[in-house]
Amino acid sequence: TWGFPTTMQRREHTQREKIDRQKICPLLLRVFHKEGIHHTAEDFAIRGEEPKQDEFTIYTWKDATLKELTDLIKGAKKSLRSRNAKLSFALVYPDKSGKNVLRQVGVTFTNGRRSNEESLSLEDLNFE
């Protein structure tokens, strides 16, 4: 299904076993930052021609929440340390036909304001 995980899916997340970060190797997450709006799916249409000027990478685990990713991104991007920054997360991936899809998955804030999605993990969002 598309959209945000349901309450039932969030409950399932709390029942999942935490990843042992001392034993499990982190994954390398490619992050593409753009102020104002998301990149489009077409910006990622040709492999190797992604918007590299906007890219940075983060080592993390599938149990990392959007809040945790927000803190890592703030550490990597000085411009996002503003007290009023709003981060909007989206996943870009190929569908069954090979066409890229951009799916918005959540919003977080850098000023301590809470969001409904900040506790969702990459795993909750079906990140692969």
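Throughout, numbering of the chain's residues begins at 1 and tracks the sequence.
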- [ ] Taking all heavy atoms of Ile19 and all of Trp61, pick out the closest pair and write down the distance.
- [x] CG2-CD1, 3.9 Å
Task: Asp71 side chain to Glu68 backbone, donor-acceptor under 3.5 Å - done: no
Open item on the list: Given 3.5 Å as the limit, does a donor-acceptor pair link the side chain of Arg103 with the main chain of Leu125, or not?
Closed with: yes
Task: Shortest non-hydrogen contact between Asn116 and Ser119, atoms and distance - done: O-OG, 4.3 Å
Open item on the list: On a heavy-atom basis, which atom in Gly106 and which in Leu66 lie closest, and how many Å separate them?
Closed with: CA-CD1, 4.0 Å
Task: Side chain proximity check, His39 to Asp54, heavy atoms < 4.5 angstrom - done: yes
Open item on the list: As an exercise, state the distance from CD of Gln104 to CG of Leu91, rounded to the nearest 0.5 Å.
Closed with: 10.5 Å
Task: Leu69 vs Leu29 side-chain heavy atoms within contact, under 4.5 Å - done: yes
- [ ] List the atom of Thr57, the atom of Glu55, and the distance in Å for their closest heavy-atom pair.
- [x] CG2-OE2, 4.3 Å
- [ ] First locate atom CD1 of Ile24, then atom CG of Asp63, and finally report the distance between them rounded to the nearest 0.5 Å.
- [x] 10.0 Å
- [ ] Determine, step by step, whether Val92 and Phe32 satisfy the side-chain contact (heavy atoms from CB on, under 4.5 Å) criterion, reporting the C-alpha distance in whole Å, the side-chain angles of both residues, the deciding distance to 0.1 Å, and the verdict.
- [x] CA-CA 10 Å; Val92 178; Phe32 295 87; over 6 Å; no
Task: Rounded distance [0.5 Å steps], CG in Asn84 versus CZ in Arg113 - done: 10.0 Å
Task: From NZ (Lys34) to CD (Gln53), nearest 0.5 Å - done: 9.0 Å
- [ ] Apply the side chain to side chain contact (heavy atoms under 4.5 Å, CB included) test between Phe89 and each candidate in Thr70, Val107, Leu120; give the one that qualifies.
- [x] Thr70
- [ ] Would you kindly confirm whether Val31 and Tyr59 end up in one hydrophobic cluster when ILVMFWY residues are joined by side chain heavy atoms under 4.5 Å apart?
- [x] no
Open item on the list: Restricting to non-hydrogen atoms, name the atom on Phe44 and the atom on Asn100 that form the minimum distance, rounded to 0.1 Å.
Closed with: O-ND2, 2.6 Å
Task: From Ser115 atom OG to Glu117 atom CD, the distance as rounded to the nearest 0.5 Å - done: 5.0 Å
TODO: With the side chain counted from C-beta on, respond yes when Lys52 and Arg30 share a heavy-atom pair under 4.5 Å apart, and no when they do not.
DONE: yes
Open item on the list: Whether the side chain of Lys67 engages the backbone of Thr108 through a donor-acceptor N/O pair (distance < 3.5 Å, no angle test) should be reported.
Closed with: no
Task: Expected output: side-chain Thr110 to main-chain Ala85 donor-acceptor under 3.5 Å - done: yes
